[in-house]
Amino acid sequence: MGPRLAFGACASVARRYRGHEEASMAEYRPEEIEKRWQSYWEEHRTFRTPEDRTRPKYYVLDMFPYPSGAGLHVGHPEGYTATDILARYKRMRGFNVLHPMGWDAFGLPAERAAMREGRHPAELTIENIDNFRRQIKRLGFSYDWDRELSTTDPSYYRWTQWIFLKLMERGLAYQAEVPVNWCPAQGTVLANEEVEDGRYVETGDPVERRLMKQWLLRIPAYAERLLDDLEELDWPESIKEMQRNWIGRSEGALVRFAVEDVADATIEVFTTRPDTLFGATYMVLAPEHVLVDSITTSAQRAAVESYRAQARNKSDLERTDLAKGKTGVDTGARALNPVTGETIPVWVGDYVLATYGTGAIMAVPGHDERDWEFARAYDLPVVEVISGGDVTEAAHTGDGELVNSGFLDGLRVAEAKGRIIDWLEERGLGERRINYRLRDWLFSRQRYWGEPFPVVTLEDGTVRPLPEDALPVELPHVDAYRPTEDGEPPLARARDWVRTTDPGSGAPALRETNTMPQWAGSCWYYLRFIDPHNDELAVDPELERYWMPVDLYVGGAEHAVLHLLYARFWHKVLYDAGVVSTKEPFRKLYNQGMILAFSYRDGNGKYHHPDNVEERDGEWYVKGTEERLHTQIEKMSKSKLNVANPDEVIDRFGADALRLYEMYMGPLDQTKPWQTDGVRGMHRFLARAFRLLAAEDGQRAARVVDTSAPRELEQALHRTIRKVTDELEGMRFNTGIAALIELLNELYRVEEVPVDLARTFVLLLSPFAPHLAEELWEGLGGTETLAYEAWPEVNERLLEEETIELAVQVNGRLRGTIVVTKDAAKDEVLAEARTVENVQAHLDGRTVVKEIYVPGRILNLIVK
RNA sequence: GCCGGAGUGGCGGAAUGGCAGACGCGGCGGAUUCAAAAUCCGCUGUCCGCAAGGGCUUGUGGGUUCGAGUCCCACCUCCGGUACCA
């Protein structure tokens, strides 16, 4: 909030210049300007990444998009604009900037479209990429298009396969029979996200669990490092926290319970509360637990079997969703509590997850809410072992003194934990254990449109990795993208491709018909951008050492866990393998907020297009009718008729206006609603800048003259340089733009715009609205692109000498303002303040008991 | 339930503990125009007042401070994530 300066603004000046403008009124035509400069940049290869490595580097990366058939929506350019602004700013600051774009193009939508249309997914993918590229280029982003890559390109996925071999070499990839979501109606396997309530979300077809041989990656082997290394990252705390929760480290103990009358049967449980072992009055196994069969008594077998069958047919979601009541069946088996020596019943219950811990628990109903609920339902005994609650009323999960616990009695929970673990370890009944929620990563998909696995299986079942020189294993052509009739993945249709020989021994072998998940390609693309055309290596080590890590990575928060965790995992494996030099790939992460939009719905729930509604007295109506509408802010979607399309916005207002609006809407990381009128405002600002500085003939406006700026104007300029620079560094683009608008408003108030000042303004504007800036720069005498011009420097001395309006308060209430220098002495300020009539009035007849003066901030006089 | 984040004009939003509402949108008035659009100038939180000026105002209630949108405590609402994790 600087002082408002008046540079002799008056109507007569405005009138005089209006006359002049009419004579050579320059009209802002973004479509011409933008086309022209986009061609210029392309022809001159303006944004090619520099080869030299003597300057500091800045690697700024967008999460590359999946090129969907729907094309770009206005959410995409939000993050892309932010990174582009920074890329342009950093170039002007003398950095070598790496700013690439590519395509995460494997994936299900293209495959499904291929099935529907009977075309090859590659063909559809190329079309979609072409469309995305066209749309992205229209926004004038300064990507180095020589480095464009697609995960679907064999020259790219060759190295994805190569990294898989590294994972195998290091024992991190293995095959196992695991349950998958099989949809018989679709004849395909579905991802977990596609299944809800046991049905395929798109068609409602039932989904069942099926055991299939899958590839898995041992990501938990890196759990500790993935957790610890989060500390050093400049990431949003919320994302770090989500990753911590996902990894789910918990400390506790593994405890072994012998089963009565069943030789060799030992039930292992993981517990974070070994201190409550004396209160373990029963046990529960997950329905899938391997011991269920062998320990169930014949009397209970039928009941247990039917319970297990029921559980099997429920999806994970259904099982966990039914939080209302817990169910289970007694197996009839009895286990021995290792510390009390008492026999306790062993139940089966689906509130115990097969996939967490050991798939079995010791139940301590007195001190665990879930166990308490189960015990209550089946009338199982509850024993209090921690005092401080009433276990007949509810589980007491807090701290307290141990009771009914033999040698632990009198201890607090923390001490008791240590003591009991020591006791268990001495007797070989258990041990200290750190458990992770993070599970092995299911890494295969029964799909066509993904990376083939670089392995073959010999007749005896041994799986052999292919040698490096056999890469890439390219996707074969198949006659259809459906699974085979007997449920094999689509690749099984390529019989001749599947039947091959082991390159090592020449023995007959079969290729893998699963493909990798979509996450694979995005796990390392940031490395390939560094050296995208290298045929010998995934990435040249010298280049890698120069460019890594990524200095800034911008994308949506929806990738908070999976993509970002998987990529970190691969990166650490590559680090161990000596392929990369940094422990972490992304130094700074930033999540752009979601862009929502207003939608309009009538009483029947039918949506109306924003072009077809109008506001009257604060209420919304269908245009020209009395039909009242309900408006709300929602995610953009076709069905809600509230999608903003970047192509249309650019057609109407230009790319620079769209870029500006995307940034001006609010803080980058916030969720915010789209309002097309806001784009109009930005267009207006750009047109004003154009009219002020440019003439119709492509030269500068007559009002721009070779003169030096008056002091106050010079100060206003440097204030703006300071502000815009600070806001860019802090990624506060909205307020940076506001500062530019303010400066332009000041310039409209003066008769003459000094040409040097105009040039500086254009440089400040250029990262935000590069097309217009280039056009103006040329008109102001520039002979080539301004992309590598030096960023304006602040003249600090000029700012220090600025005078400001200082607020004068009496008893904390504003009574006037005085104009003083920033660091004016107290005496001077006090004297000046007393001359203000309104201040005087409030001091009159009272005594000043305290004078609070904060230079440059405030003067507060306390009176009695 | 738990973990994040946010509540400020008609709307989007701005404010290192120091003039709340920058900037933009919208609205109102004026200039220009045959007219409209566009453009330019001005006004625009709210209440009282002819005015000068004053009161009130950042989800609610308390507190700290000369001074609180900002810090502390309690609560309410909304958004995002996550959930039988033993």
Using the P atoms only, state how far B:rC73 lies from B:rG21, rounded to an integer number of Å. 29 Å
Note: A:Tyr307 and A:Asp350 closest approach over all heavy atoms is OH-N, 2.9 Å
Go through the N and O atoms of the side chain of A:Asp677 and the base of B:rC25, and report whether any donor-acceptor pair is under 3.5 Å. no
Evaluate side chain to side chain donor-acceptor pair (under 3.5 Å) for A:Thr81 paired with A:Tyr661, printing each intermediate quantity in order. CA-CA 10 Å; A:Thr81 302; A:Tyr661 177 64; over 6 Å; no
Distance between P atoms of B:rU44 and B:rA52 (Å, rounded): 12 Å
Could you give the distance separating B:rA14 and B:rC23 at their P atoms, to the nearest angstrom? 14 Å
Can a side chain N or O of A:Arg684 be found less than 4.0 Å away from OP1 or OP2 on B:rA38? no
Length of the line joining A:Glu851:CD and B:rG67:C1', which is rounded to integer Å: 16 Å
Could you check how far CG of A:Asp669 sits from C1' of B:rG81, rounded to whole Å? 16 Å
B:rC40, OP1 or OP2 - any side-chain N/O from A:Arg691 closer than 4.0 Å? yes
Which nucleotide wins on minimum distance to the side chain of A:Tyr748, given the candidates B:rC41, B:rA14, B:rC66? B:rC41
Taking the basic N atoms (NZ, or NE/NH1/NH2) and the acidic carboxylate oxygens, is any pair closer than 4.0 Å for A:Glu31 and A:Arg652? no
Residue closer to the 5' end of RNA chain B, A:Arg732 versus A:Ile239 (nearest nucleotide): A:Ile239
For a quick check of understanding: with a heavy-atom distance under 4.0 Å over all strands, which category does A:Arg244 fall into, base, sugar-phosphate or nothing? nothing
Write down the distance separating the C1' atoms in B:rG61 and B:rA22, rounded off to the nearest Å. 31 Å
Could you tell me how the ring of A:Phe598 sits relative to the ring of A:Tyr600: parallel (under 30°), tilted (30 to 60°) or perpendicular (over 60°)? parallel
A:Glu369 near the nucleic acid: base, sugar-phosphate alone, or nothing, with a heavy-atom cut-off under 4.0 Å? nothing
Check the distance between B:rA38's P and A:Phe690's CZ and give it to me in whole angstrom. 19 Å
Per atom distances to the A:Pro667 side chain, the nearest of B:rA14, B:rC19, B:rU16 is B:rA14
Write down the protein N/O and nucleotide N/O pairs, taken from nucleotides 5-11 of chain B, whose separation is under 3.5 Å; answer none if there are no such pairs.
| from | atom 1 | to | atom 2 | distance (Å) |
| --- | --- | --- | --- | --- |
| B:rC11 | O2' | A:Gln675 | OE1 | 3.2 |

Remember a base hit wins even if backbone is also touched, and classify A:His842 as base, sugar-phosphate or nothing at under 4.0 Å, heavy atoms. sugar-phosphate
Nearest heavy-atom approach of A:Ala701 to A:Leu692 is CB-O, 3.3 Å
Validation: residues 721-734 of chain A side-chain donor-acceptor distances under 3.5 Å, sequence neighbours left out:
| from | atom 1 | to | atom 2 | distance (Å) |
| --- | --- | --- | --- | --- |
| A:Arg722 | NH1 | A:Glu796 | OE1 | 3.4 |
| A:Arg722 | NH2 | A:Glu796 | OE2 | 2.7 |
| A:Lys723 | NZ | A:Glu727 | OE2 | 3.3 |
| A:Thr725 | OG1 | A:Ile721 | O | 2.6 |
| A:Thr725 | OG1 | A:Trp791 | NE1 | 3.0 |
| A:Glu727 | OE1 | A:Arg732 | NE | 2.9 |
| A:Glu727 | OE1 | A:Arg732 | NH2 | 2.9 |
| A:Glu727 | OE2 | A:Thr735 | OG1 | 2.6 |
| A:Glu729 | OE2 | A:Tyr89 | OH | 2.6 |
| A:Arg732 | NH2 | A:Asp726 | O | 3.3 |

Given B:rC41, is OP1 or OP2 found less than 4.0 Å from the side-chain N or O atoms of A:Arg749? no
May I ask you to decide whether A:Arg659 forms a salt bridge with A:Glu78, counting only side-chain N to carboxylate O separations under 4.0 Å? no
Describe, in one word, how the ring planes of A:Phe685 and A:Phe761 are oriented to each other, choosing from parallel (under 30°), tilted (30 to 60°) and perpendicular (over 60°). perpendicular
Any idea which of B:rG18, B:rG13, B:rA86 is nearest the A:Ile858 side chain? B:rG18
Spacing of the C1' atoms in B:rG12 and B:rG4 (rounded, Å): 24 Å
Touch class at under 4.0 angstrom, heavy-atom based, for A:Ile741 against every strand present: sugar-phosphate
Between CG of A:Leu562 and P of B:rU82 the distance, given in whole Å, is 9 Å
Ion pair present between A:Arg433 and A:Glu251, side-chain N to carboxylate O less than 4.0 angstrom? no
On the nucleotide B:rC56, are OP1 or OP2 found under 4.0 Å from the side-chain N or O atoms that A:Arg813 carries? yes
Which helical stems does RNA chain B take part in, if a stem means at least 3 consecutive Watson-Crick or G-U pairs with both distances below 3.5 Å? B:1-7 with B:76-82, B:10-12 with B:23-25, B:26-31 with B:39-44, B:45-48 with B:53-56, B:59-63 with B:71-75
Taking atom C1' in both B:rC71 and B:rG17, what distance in whole Å separates the two? 8 Å
Rounded off to whole Å, could you give me the CG-to-P distance for the A:Leu743 and B:rG24 pair? 13 Å
Tell me what A:Pro236 touches on the nucleic acid: a base, only sugar-phosphate, or nothing, going by heavy atoms under 4.0 Å. nothing
N or O in side chain of A:Asn734 less than 4.0 angstrom from B:rG12 OP1/OP2: no
Do A:Asn745 and A:Arg688 meet the criterion of a side-chain donor-acceptor pair at a distance under 3.5 Å? yes
For A:Tyr590 and A:Asp234: C-alpha separation, side-chain torsions, deciding distance, then whether side chain to side chain donor-acceptor pair (under 3.5 Å) applies. CA-CA 9 Å; A:Tyr590 202 92; A:Asp234 182 4; over 6 Å; no
May I ask you to decide if the ring planes of A:His367 and A:His396 are parallel, tilted or perpendicular, using 30° and 60° as cut-offs? perpendicular
Taking only the side-chain nitrogens and oxygens of A:Asn745, find out if one of them lies under 4.0 Å from OP1 or OP2 of B:rG24. yes
Is a side-chain N or O of A:His559 found less than 3.5 angstrom from the main chain of A:Leu564, in a donor-acceptor match? no
Residue closer to the 5' end of RNA chain B, A:Met362 versus A:Lys723 (nearest nucleotide): A:Lys723
Relative to its sugar, using the 90° cut-off around 0, the base of B:rG49 is anti
Looking at A:Thr735, I'd like to know whether one of its side-chain N or O atoms comes within less than 4.0 Å of OP1 or OP2 on B:rG13. no
Donor/acceptor link under 3.5 angstrom from A:Tyr664 side chain onto base of B:rC23: yes
Could you tell me how far B:rA36 sits from B:rG29 if I compare only their P atoms? Round to whole Å. 13 Å
Heavy atoms only, 4.0 Å cut-off, all strands: where does A:Ile852 land among base, sugar-phosphate and nothing? base
What nucleic acid atoms does A:Asn838 come within less than 4.0 Å of, heavy atoms only: base, sugar-phosphate, or nothing? sugar-phosphate
What's the gap between B:rU8 and B:rU57 when it is taken at their C1' atoms, as a whole Å value? 10 Å
How close or far is atom P of B:rC40 from atom CG of A:Leu747, stated in whole angstroms? 14 Å
Quickly work out the A:Glu241 CD to B:rC3 P distance and round it to whole Å. 10 Å
Calculate the interatomic distance between A:Lys240 atom NZ and B:rC3 atom C1'; express it in whole Å. 16 Å
